[in-house]
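To start, the structure under review is shown below, and the notes come after it.
Along the sequence shown, residues carry numbers from 1.
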Amino acid sequence: MAPWSGFWGGRAVLAGADAYRGGTPVVVKMENPNWSIAEIEGDGDGDDEGDGFLAGGRRRRRRGKNAKQITWVLLLKAHRAAGCLAWLASAAVALGGAARRRVAAGRTDADADGEDEATATAPAQPRHSRFYAFIRAFLLLSLFLLAVELAAHANGRRLAAPAAVSFAALHAAWVRFRAAYVAPPLQLLADACVVLFLVQSADRLVQSLGCLYIHLKRLKPKPVSRALPDAEDPDAGYYPMVLVQIPMCNEKEVYQQSIAAVCNLDWPRSNFLVQVLDDSDDPITQALIREEVEKWQQHGARIVYRHRVLREGYKAGNLKSAMSCSYVKDYEYVAIFDADFQPYPDFLKRTVPHFKDNEELGLVQARWSFVNKDENLLTRLQNINLCFHFEVEQQVNGIFINFFGFNGTAGVWRIKALEDSGGWMERTTVEDMDIAVRAHLKGWKFIFLNDVECQCELPESYEAYRKQQHRWHSGPMQLFRLCLPDIIRCKIAFWKKANLIFLFFLLRKLILPFYSFTLFCIILPLTMFVPEAELPDWVVCYIPALMSFLNILPSPRSFPFIIPYLLFENTMSVTKFNAMVSGLFQLGSAYEWVVTKKSGRSSEGDLVVLAPNKEHRKQQRSATPVAAAEAKKPPAPAEKKKQKYNRIYKKELALSLLLLTAAARSLLSKQGMHFYFLLFQGVSFLMVGLDLIGEDVK
């Protein structure tokens, strides 16, 4: 657009001040996102006032030129607006086509649960969920109440008739009944949820202020003693024996990059051993991982492959089995990386020195960074959540109370602390949080390093993300039931017990999903049909907007997504509430463990750089009898890939219809703020229910 700016301003630039005598110049700024017009008054304007008739003719000619210029600018604006409308129309058509494909396919989340089982060969029978039945009944009730209100509203515009009079009497009876019996308990529940909402918001505000204090004071964990290597002998520094574990299960997409990254850690080869803990039940995946381990062994890496015969206890059972090896007693620390994590080469050099001369330290946790955070809208919203979790929650808890939940990966444990805490246990689906709580009760301290990152992947499909969140929110409630007696009996400070029970478990793991779902998905729609109970605007809009603003501060580049983030968090409250209830009451879905699907995105450090030298590897493999035998084998048939589908999620779809019904009802009472919130929240539930937010599988 620069040539157009030069065209409009060229005359003034070339002719200087004399150019203004023929007419008032118009400066057009072609800057995105909008153009602006500024009319500059020339020096000759005052002289024209004394010229009388001649000045009037000049002004008329000047107006004609300026009008022509403004016409061109308006045409350019219209062209830009038409382009925006065309883009919006194409996006709407694409969304409509995707929604039509979802509905035509007819695959729901119940079908997905059956297809995740490795032994499932026949079509899975849909599972009947009581939670879904409750939402569906609530939707039918809201539709009925909307019909009643619409009939009453229409009746007020007609002349009285016998049928109309009888309907008016019934409606008046319903109004008296809801005012006397429905509104008071609903208002009481709403007030209780608002109190919980304010308490949780205050907790988040305090954590954000704590993070601000850390940044202002530049607080940062530092090693007790400097562990610098000797200048004359670099190998004479602090290099204790470190065991590195990579637990994995059927993760064929990411095993190469994780093994390559770990084998390239900058640490003396003789002082660390890599355990690849493969729980895969697919023989092809097992063979591929074993072959990759053999490649690195031939290249000189100290790496072993372990496969369990009895696969019990999921990840906790896998880690527990690995720690029972006889050679583990020779190692002082253990670093754990999930299959999609790729540590930088200096990871151990930046984490292990914190243990030196600090015998109370049990865990050093690093933060995560994401190679696919800009892949789609779902990954962008996850990035906001996890940036707040690491930047604020983990950092503040690590600095001020030396305790936080272990993230299950990208951390280094003192093996003595693991053994003192009872080791890995398979009693919950959050073995990482379990071992962290037990270590805290034993008096071990934790450190979080916000400046040490480890790259990993975010789930790119809503199906994978929903199952991950279900496990992350049902497990803490299982753990709370099991750990509560131990917390009460433990001989630690009272404030540490209070922090564990009321803040760590109740407020952040139970109250948050409870009020988020109850307040915004149940009570708010009900208040549209029972106007005697109400929620103020600051509960519906202002406080949630402030909390979303605080959540998004650690990732400032995500500010354009603040409104989608607010709506999506309320949408995810359905999954989190369902998981919380199943974990608290030990329902069947509480013990579901589904490995999060990975796409195998490469990190900034490419695999070609991390992999062993290709020619060297070829020479070594060609010299082995195994390689010669493999060369004579006929090529194996191509593996049949498991088909991926987008699905319809019934709970989210039913809630979208419920919220849109409540939005239609709010129009009758002219509640503007509530209408817009319900409308946009209903559209958000609709998009998630039709699986339009994550990966689109054609």
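- What you find for F504 and L500 is that their closest heavy atoms are CB-O, 3.4 Å.
- In this model, no donor atom of one side chain and acceptor atom of the other lie less than 3.5 Å apart for S474 and S582.
- Side chain of Q365 to main chain of A410: a donor-acceptor pair is present (N/O by atom type, distance under 3.5 Å, no hydrogens or angles).
- Contacts classified as salt bridge (charged side-chain N to carboxylate O under 4.0 Å, His left out) and involving residues 469-492 (residues at least two apart or in different chains) are given here: D486-R489.
- Using cut-offs of 30° and 60° on the angle between ring planes, the pair Y515 and F197 is tilted.
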Show me the side-chain donor-acceptor pairs of residues 209-221 shorter than 3.5 Å, one per line, residues at least two apart or across chains.
| unit_1 | atom_1 | unit_2 | atom_2 | d |
| --- | --- | --- | --- | --- |
| H215 | NE2 | E391 | OE2 | 2.9 |
| K220 | NZ | D451 | OD2 | 2.8 |

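- With contacts defined as side-chain heavy-atom distances shorter than 4.5 Å, the pair L678/L524 qualifies.
- Here the shortest heavy-atom pairing between A260 and N264 reads O-ND2, 2.7 Å.
- Here the shortest heavy-atom pairing between P459 and Q382 reads O-NE2, 2.8 Å.
- Of the possible donor and acceptor atoms, none in the side chain of S684 sits under 3.5 Å from a partner among the backbone N and O of F680.
- Side-chain contact between Q394 and H389: present, with at least one pair of heavy atoms (C-beta onward) separated by less than 4.5 Å.
- The closest side-chain heavy-atom distance from R380 to F370 is not below 4.5 Å.
- Judged as a ring pair (Phe, Tyr, Trp, His ring centres under 6.0 Å), and not counting sequence neighbours, the contacts of H440 are F403.
- For F505, the ring pair (Phe, Tyr, Trp, His ring centres under 6.0 Å) criterion is met by F480, not counting sequence neighbours.
- By the 4.5 Å heavy-atom criterion applied to side chains, V244 and L273 are not counted as neighbours.
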| Are F341 and W368 close enough, and set up right, to give a ring pair (Phe, Tyr, Trp, His ring centres under 6.0 Å), and what steps lead you there? | CA-CA 9 Å; F341 277 72; W368 302 353; 5.1 Å; yes
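- In terms of heavy atoms, S270 sits closest to R302 at O-NH1, 3.7 Å.
- Checked by atom type and distance alone, the side chain of K320 never pairs as donor or acceptor with a backbone atom of M425 at under 3.5 Å.
- Side-chain contact check for E460 and Y465: no donor-acceptor pair (N or O, by modelled atom type) lies under 3.5 Å.
- Between the side chains of Y676 and Q681, no donor N or O sits under 3.5 Å from an acceptor N or O.
- A donor-acceptor pair is defined here as one N or O able to donate and one able to accept, closer than 3.5 Å; no such pair exists between the side chain of K445 and the backbone of L363.
- R414 places a side-chain N or O within donor-acceptor distance of the main-chain N or O of L361, the cut-off being under 3.5 Å.
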| message | For F355 and Y238: C-alpha separation, side-chain torsions, deciding distance, then whether ring pair (Phe, Tyr, Trp, His ring centres under 6.0 Å) applies. | response | CA-CA 10 Å; F355 289 99; Y238 181 67; 8.8 Å; no
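- Using a cut-off of 4.0 Å between Lys/Arg side-chain N and Asp/Glu carboxylate O, K315 and D338 are scored as salt-bridged.
- There is no side-chain donor-acceptor pair under 3.5 Å between N318 and Q245.
- Between the CG atom of L441 and the SG atom of C490 there is a distance of 4.5 Å, given to the nearest 0.5 Å.
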Kindly list each side-chain donor-acceptor pair under 3.5 angstrom involving residues 556-569, sequence neighbours excluded, with atom names and distances?
| unit_1 | atom_1 | unit_2 | atom_2 | d |
| --- | --- | --- | --- | --- |
| Y565 | OH | N385 | OD1 | 2.8 |
| Y565 | OH | N551 | ND2 | 2.6 |
| E569 | OE2 | N385 | ND2 | 2.8 |

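- Pairs engaging residues 407-427 under the ring pair (Phe, Tyr, Trp, His ring centres under 6.0 Å) rule: F406-W413, W413-F446 [sequence neighbours left out].
- A pairwise comparison of heavy atoms in P240 and Y333 identifies CG-CE1, 3.5 Å as the closest pair.
- Side-chain contact between L550 and V392 is absent, with no heavy atoms from C-beta onward closer than 4.5 Å.
- At a threshold of 4.5 Å between non-hydrogen side-chain atoms, the residues F337 and C454 count as touching.
- Under the 30°/60° scheme for interplanar angles, the aromatic rings of F390 and F448 are found to lie parallel.
- A 4.5 Å side-chain heavy-atom check between L512 and L507 finds every atom pair outside the cut-off.
- Side chains of D420 and W444: a donor-acceptor N/O pair is present below 3.5 angstrom, by distance only.
- Remark: R438 engages D434 in a salt bridge, criterion side-chain N to carboxylate O under 4.0 Å.
- Side-chain atoms of H470 do not come within 3.5 Å of backbone N or O of R466 as any donor-acceptor pair.
- Contact check for E332 versus K416: no side-chain heavy atoms found under the 4.5 Å cut-off.
- The shortest heavy-atom contact between D537 and M673 is OD1-CB, 3.8 Å.
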